[in-house]
Amino acid sequence: MRRPRPPLSARRAAGWLAGLGALLLLAVAAGAALGASGLAWRDLAAGDGTARLVLLEVRLPRVLLAALLGGGLAVAGAALQGLFRNPLADPYVLGIAGGASLGGVLAVVLAGAAGARLVPAAAFAGALGALVLVERLATSRGRLDLYALLLTGAVLNAFSGALIFFLQSVASSEQLHAIVFYLIGRLPSPPPRTLLFTALATAVATAALVRRACDYNALALGEEGAAQLGVDLERLKRATFGWASLLTAVAVAAAGPIGFVGLLLPHLLRLAAGPDHRLLLPAALLGGGAFLVLADLAARTLLAPNELPVGVLTALLGGPFFLWLLRRRAREAPDG
Amino acid sequence: MDDARSAPAIELAGLGARYRTRAVLHDLTATIAAGEVVGLLGPNGSGKTSLVRVLSGVLRQYSGGARVCGEEVRATPQRELARRVAVVPHDARVEFPFTALEVVLLGRHPHHAGFAFEAARDIELARTALARAGAAALADRPLGELSTGERQRVLFARALAQEPRVLLLDEAVSALDLRYQVELCDRLREIAAAGTAVVSVFHDLNLAAEYCDRVLLLHAGRLAAFGPTAEVLTWARLTEVYETEIYVDVNDLTGSLVVTPLSSRARRALAAGRGPSPRVD
């Protein structure tokens, strides 16, 4: 017999968020303190100039970026799972990641030596292009059709994938290397400008999605049920699509398509804290951030001095989890 | 809001509706007052659910007039409409493991603005609603684990928690056992007596006959009849609309109508003169 779970109260939500916030802070502190060079907080305290450079100007920006992107992807995933009423949805179902990846790869191939610096901007442009395209194709009679949205996203991802394969086959071996690493997903140490922009976009988009948490709860009863509870469906669909796309675009532009964060975290949190989106969405921001910071820490230190792309690690963790989830759902499904 | 209070709960004025190219409702005109229980009857595909969808703001492309509490549905924002109109669907699938109590609390959603946590009063309303629907014991169970009948009681409770002025039920008691059918239909009468207009789709014509003040009978999207239950539920009209032989009698015990569809076996027996002939009234 399961212990009954009372309905969510502001107090319980605050308790969870305080706990996850503390976890995130610990993860960030650990992420900045540990690394291949062996320099740590105590070297910084001792006034070591190299430690200062490594901790505050190399590791910390990267750790903060990981926290923002991990949080943003998890929030986008949770919101999209709520919108599609499908726990297997993730930020990449919308086709935005396909467009962004294509943009990034194009920059590598076409821009030569300058390509590496242009990748984030090109990927972001690709994501926006995909967003406009998907929105147009999935709208009929002024309404955004969720089914068409999923299909369009899947087709766009596949099409972008084919174009990327084509570009890979004509790229030089040096470019190929850059493309492969970009597509796996790895975190750079970003300049303050990028960090600031990412923080701003993540904050605004997360706030916009959390504000609609009650609507996602109502939507659990289906589109018609939600409308009969007063939810303006068209606005909810468009807002979710737009803001989740922004979060995805920012993440893929900065670090490539890091997999599974947006799928895994909403799930773990739903299992632990319940399905209520008023807690799930903000918890995803903090939990997703902590998760990606720790995954990146592992990617940097497991094979030091070599570095694993963080996307490899998240996929290695996420793949088996995804399969376990599918099995679990199959077992729990009602008869027939 | 004196205007809204004095206006009839539901006014249909030449209402027509269509899905894409297929017309589903034609020229419906009817007025339903607060305090009534009205049965919405008709065969499959006659437009019952479409009418529920128009009145709940889900199907907004309609012609003619459909007013709820004096306000035209298509001009009323969805949230405002949901404060007045609650719908109990036939069934609902829930993807995430929300408990029955959480689902009932969703009935409070239209009364809150934006991001909000329920107040103690909301929880109390939800628990009272669960108790009134005979579902208090289900409060902590995930909705997806309930039987269809149990789920119908929880969805009924959710609509009660919404505190509507107009309660619409779309075959909402069909999966209930006899005890709960009677309990919930008794509740419908109580709710109506407290000043809510109740409109319920029934497939069980005997339940409709027992509980409805008036009956709105639809046939192919048109109004076949609208009037006091005993006047509408006649052998001739039901047999025509449902396109099968139906026998209508009066229950000696309660005085309410008994509606019996005749099987082909019974019809053959009657035609062969082996049984009482159907009463033509």
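Just so we're on the same page: letters track the sequence lines, and every chain starts at 1. In this text, all values refer to a predicted model and were calculated from it rather than measured experimentally.
Interface residue B:A116: only backbone heavy atoms are found under 4.5 Å from chain A. For B:R53, the part lying under 4.5 angstrom from a heavy atom of chain A is the side chain only. Only the backbone of B:V85 comes within contact range of chain A, with heavy atoms under 4.5 Å apart. With a threshold of 4.5 angstrom between heavy atoms, B:L106 approaches chain A through its backbone and through its side chain. For chain B, no part of A:R212 is nearby; none of its heavy atoms comes within less than 4.5 Å. Heavy atoms of A:A226 lying under 4.5 Å from chain B are absent altogether. Interface remark: B:R108 contributes no atoms to any contact with chain A (heavy atom separation under 4.5 Å).
To the nearest 0.5 Å, atom CZ of residue B:F98 and atom CG of residue A:L221 are 8.5 Å apart. The CZ atom of B:F117 sits 13.5 Å away from atom CZ of A:R11, with the distance rounded to the nearest 0.5 Å.
The side-chain heavy atoms of A:Q81 and B:E95, taken from C-beta on, include no pair separated by under 4.5 Å. Between A:N217 and B:E102 the shortest side-chain heavy-atom distance does not fall below 4.5 Å. You'll find the side chain of A:Q228 reaches within 4.5 Å of the side chain of B:V58, heavy atoms only. Counting only heavy atoms from C-beta outward, the side chains of A:P87 and B:F96 approach each other to under 4.5 Å.
Within 6.0 Å of atom CZ in B:R127, 12 or fewer heavy atoms from other residues, nucleotides or ligands are found, so the atom counts as exposed in its surroundings. Within a 6.0 Å radius of CZ in A:R143, no more than 12 heavy atoms belonging to other residues, nucleotides or ligands are found. Heavy-atom contacts from other residues, nucleotides or ligands closer than 6.0 Å to CD of B:E124 number 12 or fewer. More than 12 heavy atoms of other residues, nucleotides or ligands lie within 6.0 Å of CD in A:E234, so this atom counts as buried by the packing criterion.
Interface remark: of the candidates A:G82, A:A10, A:P7, A:A10 forms the most heavy-atom pairs closer than 4.5 Å to chain B.
Under the 3.5 Å distance criterion, the side-chain polar atoms of A:R85 are matched with a main-chain donor or acceptor of B:R93. B:Q78 places a side-chain N or O within donor-acceptor distance of the main-chain N or O of A:A227, the cut-off being under 3.5 Å.
Of all heavy-atom pairs between B:H109 and A:L229, the closest is ND1-O, 3.0 Å. Nearest heavy-atom pair across B:E118 and A:L8 is OE1-O, 4.2 Å. Nearest heavy-atom pair, A:C214 versus B:G114, reported as atom, atom and distance to 0.1 Å: SG-O, 3.7 Å.
For B:E11, there are no salt bridge (Lys or Arg N to Asp or Glu O under 4.0 Å) partners two or more places apart in sequence or in a different chain.
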